[in-house]
Amino acid sequence: MGGMSVLNIVPSISRLSGGVGPAVMESVAEQRNAGVDARIVTLMDAYTESDAVQYGLPYVAVPASSPIAYSARLMPTVLAGSKPQVIHSHGMWLHPDYIALRLSEVLKVPLIVSPHGMLEPWALSNNWWKKAPIWWLWERRRLARADVIIATSELEAQHIRDLGMCRAIAVIPLGVKLPPVVDTGNGSDEKLGLFLSRIHPKKGLPLLVEAVRRIRPLGWKFIIAGPDSNGHEEEIRALVNNAGMQDTFEFRGPVYGEAKWRLLQSADLFILPSHSENFGLVVVESLASQTPVITTTTTPWQSIEKTGCGWYVDPTPEAITKALKEATLLPKSTLLEMGARGRALVEARFSWDQSVDSLISVHSWLLGQASRPACVVFP
């Protein structure tokens with residue numbers, strides 16, 4: 001591992017990236033702690049500097065322009081620096097993906113691609129007319145050129161295979177930095193249900209609003225927190241208002257950092273009724289906060305049902321309603337027991353140590369320093 005250098009090319013490391021940027025930053029921090037010369041090149045946006053400071057990591061940010069994040073500065077900036085041994089490209093559908101492909105060809109170094117859920121069936125079908133030209137211009141070639149494609153779950157790996165990808169795939173779950181164990185609860189007799197993610201059609205919020213409308217659980221309040229995506233929040237507010245549930249729902253807007261962890265720890269139940277998730281990092285964060293979870297079979301979280309820390313149901317109004325009714329009728333003591341099991345699950349399977357150990361083993365294999373790790377499979 002001595003001297004191993006890995007260049008991460010990621011379009012954004014700020015809040016505008018959703019969960020991708022923070023996940024890359026956490027992973028790079030752990031890699032550097034393990035002795036890897038892991039570097040980041042990204043594109044500058046309004047929040048890059050303020051959001052990156054908490055990690056204390058070196059990075060280079062270059063200007064770019066929309067709509068595909070085109071940057072004439074990205075490739076020259078990389079070529080002007082020291083040559084990496086591995087290039088790790090994060091995301092899909094943007095100009096930095098093409099630059100990562102070209103750099104791997106020019107520098108003749110291995111290429112790792114992390115789609116971060118952007119090849120999931122729902123994500124592919126959403127605005128496919130915009131993505132199709134990019135697929136044929138460079139994304140298909142980048143994936144075919146990749147020495148390894150990283151999936152965060154077996155479900156994501158299968159969806160990548162379904163696209164005909166014949167490259168090696170490494171299944172490496174993301175990790176989470178565990179918050180301290182605290183006395184959970186919001187200090188009130190009122191119980192709190194929480195949704196915390198992007199407010200986007202993919203996340204299935206109408207299913208949650210409809211389930212609450214049907215059962216109207218006594219003593220419960222529901223918080224919707226997260227950044228709005230293309231005006232979808234107004235659509236959800238309209239559903240809430242039309243159902244006369246303005247006092248049952250509260251919209252908090254984006255929540256980050258310590259405020260996010262406090263909100264997760266104060267919740268009695270977390271609900272992610274998503275239509276598609278390759279991983280769903282917020283599920284891990286909720287379980288780490290000792291909060292049981294309701295989520296859907298279009299996410300890779302069947303383990304929450306198997307370990308008794310949540311509900312894993314179809315993304316339909318009937319299934320979400322049934323799960324929510326069961327959860328809201330449970331005494332607080334039972335929800336706390338479920339939360340404790342969720343925390344134990346995260347401690348056992350989703351630490352950054354485990355994630356980064358697997359990633360470093362992939363680097364070592366690609367550089368001929370070690371045998372193929374167990375996380376890497378071929379068709």
Side-chain angles (χ1 to χ4, degrees), residues 1-14 17 20-45 48-49 51-65 69-92 94-116 138 141-143 145-150 167-168 170 172 352-353 355-370 372-373 376:
M1 185 169 53
M4 183 188 294
S5 62
V6 180
L7 178 66
N8 291 267
I9 298 178
V10 54
S12 173
I13 56 174
S14 82
S17 69
V20 174
V24 172
M25 297 293 272
E26 293 280 3
S27 177
V28 167
E30 292 297 327
Q31 290 176 63
R32 292 177 68 87
N33 288 339
V36 176
D37 178 19
R39 290 172 272 153
I40 296 171
V41 174
T42 188
L43 306 179
M44 180 65 72
D45 63 47
T48 302
E49 293 181 359
D51 288 352
V53 69
Q54 62 180 301
Y55 299 99
L57 295 174
Y59 66 91
V60 175
V62 298
S65 56
Y70 174 80
S71 175
R73 294 269 300 277
L74 186 54
M75 190 159 181
T77 296
V78 173
L79 292 175
S82 59
K83 178 182 174 180
Q85 292 176 291
V86 177
I87 290 174
H88 191 158
S89 175
H90 299 267
M92 297 281 298
L94 296 174
H95 184 243
D97 311 336
Y98 173 71
I99 296 301
L101 168 65
R102 290 294 297 126
L103 284 166
S104 69
E105 293 172 338
V106 169
L107 297 175
K108 295 181 171 55
V109 298
L111 174 65
I112 298 174
V113 173
S114 288
H116 291 287
W138 68 74
R141 184 156 66 94
R142 182 176 67 123
L143 292 166
R145 164 72 177 79
D147 295 275
V148 176
I149 301 172
I150 293 184
R167 310 303 292 171
I172 304 178
W352 272 121
D353 285 346
S355 179
V356 167
D357 282 350
S358 294
L359 186 57
I360 292 174
S361 72
V362 171
H363 297 159
S364 299
W365 170 60
L366 290 177
L367 296 174
Q369 300 171 359
R372 190 179 82 197
V376 174

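Model, not experiment: these values are computed from the prediction. What's counted below: heavy atoms across the whole structure, side chains too, no hydrogens, waters or symmetry copies.
- With hydrogens and angles disregarded, no donor-acceptor distance shorter than 3.5 Å links the side chain of Thr48 to the backbone of Met44.
- When all heavy atoms of Leu43 and Ala64 are compared, the closest pair comes out as CD1-CB, 3.7 Å.
- Within the 3.5 Å criterion, the main-chain N or O of Pro110 finds no donor-acceptor partner in the side chain of Ser104.
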**Message:** Is there a side chain to side chain contact (heavy atoms under 4.5 Å, CB included) between Leu111 and Arg142? Walk through the geometry before answering.
**Reply:** CA-CA 9 Å; Leu111 174 65; Arg142 182 176 67 123; 4.1 Å; yes
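- In this structure, Arg141 CZ and Arg102 CZ are separated by 7.0 Å, a value rounded to the nearest 0.5 Å.
- Heavy atoms from other residues, nucleotides or ligands lying under 6.0 Å from CZ of Arg167 number more than 12.
- The two residues Ala72 and Pro76 have their closest heavy-atom pair at O-CD, 3.3 Å.
- Of the residues Leu103, Val78, Asp147, Ile112, the one that meets the side-chain contact (heavy atoms from CB on, under 4.5 Å) test with Ile87 is Leu103.
- The OG atom of Ser114 sits 4.0 Å away from atom CD1 of Ile150, with the distance rounded to the nearest 0.5 Å.
- Between Val362 and Pro373 there is a side-chain heavy-atom pair separated by less than 4.5 Å.
- Counting all heavy atoms, side chain and backbone alike, Arg145 lies closest to Val109 at NH2-O, 3.4 Å.
- Crowding of Glu49 atom CD: a count of heavy atoms from other residues, nucleotides or ligands under 6.0 Å not exceeding 12.
- Val28 is not listed as a side-chain neighbour of Val6, based on a closest heavy-atom distance of 4.5 Å or more.
- Under the 3.5 Å distance criterion, the side-chain polar atoms of Ser364 are left unmatched by any main-chain donor or acceptor of Ser361.
- Atom CG of residue Leu94 and atom CD1 of residue Ile99 lie 12.0 Å apart, to the nearest 0.5 angstrom.
- Under a 3.5 Å cut-off, the side chain of Thr42 and the backbone N or O of Val10 do form a donor-acceptor pair.
- Closest of all the heavy-atom pairs between His116 and Gly91 is CD2-N, 3.8 Å.
- Taking CE of Met92 as the start and CG of Leu143 as the end, the distance is 5.0 Å to the nearest 0.5 Å.
- For Arg372, the side chain to side chain contact (heavy atoms under 4.5 Å, CB included) partners at least two apart in sequence or on another chain are Trp365, Val376, Phe378.
- Residues Asp51 and Met25 form no side-chain contact, since every pair of their non-hydrogen atoms from C-beta on lies 4.5 Å or further apart.
- Using cut-offs of 30° and 60° for the angle between ring planes, the Trp138 and His95 rings count as perpendicular.
- Closest heavy-atom contact between Pro63 and Ser71: O-OG, 2.8 Å.
- Every residue was checked against the side chain to side chain donor-acceptor pair (under 3.5 Å) condition with His363, not counting sequence neighbours, and none meets it.
- In terms of heavy-atom proximity, Pro96 sits nearest to Ala69 at CD-O, 3.7 Å.
- Note that NE2 of His90 and CD1 of Ile13 are 11.5 Å apart. Values are rounded to the nearest 0.5 Å.
- Between the CZ atom of Arg39 and the CZ atom of Arg32 there is a distance of 9.0 Å, given to the nearest 0.5 Å.
- Under the 4.5 Å side-chain criterion, counting only non-hydrogen atoms from C-beta, Ser27 is in contact with Leu359.
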